[in-house]
Protein chains: 2
Amino acid sequence: MEILNIGEAAQASGVSAKMIRHYEAIGLLPRAQRSNANYRIYGPQDVHNLRFIHRARSLGFRLEDIRELLALWRNRQRSSAQVKKLALAHVAELEEKIAAMQEMAEALKHLAQHCHGDDRPDCPILEQLAD
Amino acid sequence: MEILNIGEAAQASGVSAKMIRHYEAIGLLPRAQRSNANYRIYGPQDVHNLRFIHRARSLGFRLEDIRELLALWRNRQRSSAQVKKLALAHVAELEEKIAAMQEMAEALKHLAQHCHGDDRPDCPILEQLAD
DNA sequence: CTTGACCTTCCCATGATGGGAAGGAACATA
DNA sequence: TATGTTCCTTCCCATCATGGGAAGGTCAAG
């Protein structure tokens, strides 16, 4: 298990083969080495990169953020402040979206509570939408 | 203010002119009446429909859900149970997304708390991503 | 009659992901 | 070795809601 093709690298990293090709296409990953038959081949370091991306995605980072995170990761001269700033900006975005969705959910739950949910047509949910 | 062109209807409803055309194109709205010059023209009922859509979007409903909500709204034979079901399904989706984003935010905040955020390169955020 | 603000249609972009086609390559088993 | 299965390659298209912008027609006010 030293040299992997794209399917094996996908298995090993949790990133789909489709996405590995995509990340390469947009320059998030360097162009992979190729076998004689033009298959992409991946070594341990490549898989490490892929895992990094996978974890960052699972924390909700956008690909452009991940591009920066990868650069910081590779750069031994980075300051932890740069990383922290990126992370906290992302947290702020998440919290903004969470708050917006919570407002929606609360409003809808409130309306639904007052909806009989039976055979009759009267419904405060529609009434609210129609105003 | 009885007969409006698309820009005025947009103003009056909160839905952009661009989106009004789009909703018509995908059949969410009936084809608008046209003036001699082929301009779309909107009456009070059309604006009412647009406001309905605008409010539903602001509660996070997807357009396909709104298509159903509009049908229920128009249908005097509807049961409030149908509306409530749609609404609660949407609440469930929202809450699922909220929970996922909260997990991300919590994980990141935890990592950021342990990141010095100074000039030094050491950073638990990157360490976690690199594992 | 010109000018500026509006309208029309049409095409393209976003962001991350996947589906699927057409054709070549690798490999396992009969 | 022949054949079949599974993998790879590239390329195009779809999602979802929204907007940007071009090219050209229309309208109202000065």
Problem set entry | Criterion side chain to side chain contact (heavy atoms under 4.5 Å, CB included) on B:S79 and A:D118, from CA distance to verdict | CA-CA 6 Å; B:S79 68; A:D118 57 17; over 6 Å; no
Exercise. Think A:Y23 has a side-chain N or O under 4.0 angstrom from the OP1 or OP2 of C:dT17?
Worked result: yes
Exercise. Between B:S16 and D:dT18, does any side-chain N or O lie under 4.0 Å from OP1 or OP2?
Worked result: no
For [X] and [N], give me the distance from atom [atom1] to atom [atom2], rounded to whole Å.
{"X": "B:L29", "N": "D:dA17", "atom1": "CG", "atom2": "P", "value": "14 Å"}
{"X": "A:E8", "N": "D:dC8", "atom1": "CD", "atom2": "P", "value": "7 Å"}
{"X": "B:I41", "N": "C:dC6", "atom1": "CD1", "atom2": "P", "value": "19 Å"}
{"X": "A:I26", "N": "C:dA13", "atom1": "CD1", "atom2": "C1'", "value": "15 Å"}
{"X": "B:Q33", "N": "C:dC7", "atom1": "CD", "atom2": "P", "value": "17 Å"}
{"X": "A:Q11", "N": "D:dT6", "atom1": "CD", "atom2": "C1'", "value": "14 Å"}
{"X": "A:L28", "N": "C:dT17", "atom1": "CG", "atom2": "P", "value": "11 Å"}
{"X": "B:I20", "N": "D:dA17", "atom1": "CD1", "atom2": "C1'", "value": "15 Å"}

Problem set entry | Candidate nucleotides C:dC7, D:dC8, D:dG19, ranked by approach to the side chain of A:I6 - the nearest | D:dC8
Problem set entry | Strand-adjacent residues in residues 47-74 of chain B, judged by heavy atoms under 4.0 Å from DNA chain D | B:R57, B:R62, B:L63
Using a cutoff of under 3.5 Å, can you pull out all pairs of nitrogen or oxygen atoms linking the protein to nucleotides 10-13 of chain D, with atom names and distances?
| from | atom 1 | to | atom 2 | distance (Å) |
| --- | --- | --- | --- | --- |
| D:dT10 | OP1 | A:R34 | NH2 | 3.1 |
| D:dT10 | OP2 | A:R40 | NH1 | 2.9 |
| D:dT10 | OP2 | A:R40 | NH2 | 3.0 |

Problem set entry | Other ILVMFWY residues reachable from A:M104 by side-chain steps of under 4.5 Å | A:L94, A:I98, A:M101, B:L94, B:I98, B:M101, B:M104
For this session: Name all pairs fulfilling the salt bridge (charged side-chain N to carboxylate O under 4.0 Å, His left out) condition that reach into residues 103-117 of chain B, sequence neighbours left out, sorted by first residue then second.
Result: A:E95-B:K109, B:E106-B:K109
Problem set entry | Distance in Å, A:C115 SG paired with A:E127 CD, rounded so as to fall on 0.5 Å steps | 9.5 Å
Problem set entry | Nearest-0.5 Å distance, NZ of residue A:K84 to CG of residue B:L108 | 12.0 Å
For this session: Please assess B:R120 against B:D122 for the test salt bridge (charged side-chain N to carboxylate O under 4.0 Å, His left out), listing each intermediate value before the final yes or no.
Result: CA-CA 6 Å; B:R120 286 170 293 173; B:D122 318 87; 5.3 Å; no
For this session: Give, ordered by number, those residues of residues 86-107 of chain A having at least one heavy-atom distance below 4.0 Å to an atom of DNA chain C; if nothing qualifies, reply none.
Result: none
Exercise. Which nucleotides of nucleotides 23-30 of chain D have their base under 4.0 Å from a protein heavy atom (B), which only their sugar-phosphate (S), and which neither (-), written as one string 5' to 3'?
Worked result: --BBS---
Problem set entry | Inter- and intrachain pairs under ring-ring contact (aromatic ring centres under 6.0 Å, His included), touching residues 5-42 of chain A, at least two apart | none
Exercise. ring-ring contact (aromatic ring centres under 6.0 Å, His included) with B:H110: which residues, sequence neighbours excluded?
Worked result: B:H114
Identify each donor-acceptor pair in which a side-chain atom of residues 46-61 of chain B lies under 3.5 Å from a protein atom, sequence neighbours left out, and give them as a table.
| from | atom 1 | to | atom 2 | distance (Å) |
| --- | --- | --- | --- | --- |
| B:D46 | OD2 | B:G43 | N | 2.8 |
| B:H48 | NE2 | A:A130 | O | 3.0 |
| B:R51 | NE | B:A12 | O | 3.1 |
| B:R51 | NH2 | B:A12 | O | 3.2 |
| B:H54 | ND1 | B:G14 | O | 3.4 |
| B:R55 | NH1 | A:L129 | O | 2.8 |
| B:R57 | NH1 | B:F61 | O | 2.7 |
| B:S58 | OG | B:R55 | O | 2.8 |

Exercise. Would you find a donor on one side and an acceptor on the other, under 3.5 Å apart, between the side chain of B:E8 and the backbone of B:N5?
Worked result: yes
Exercise. Counting N and O atoms only, with roles assigned by atom type, does the side chain of B:Q128 sit under 3.5 Å from a partner on the main chain of B:I125, one being a donor and the other an acceptor?
Worked result: no
Considering residues at least two apart in sequence or located in another chain, which fulfil the salt bridge (Lys or Arg N to Asp or Glu O under 4.0 Å) criterion with [X]?
{"X": "B:E96", "value": "none"}
{"X": "B:R62", "value": "B:D65, B:E93"}
{"X": "B:R40", "value": "B:E24"}

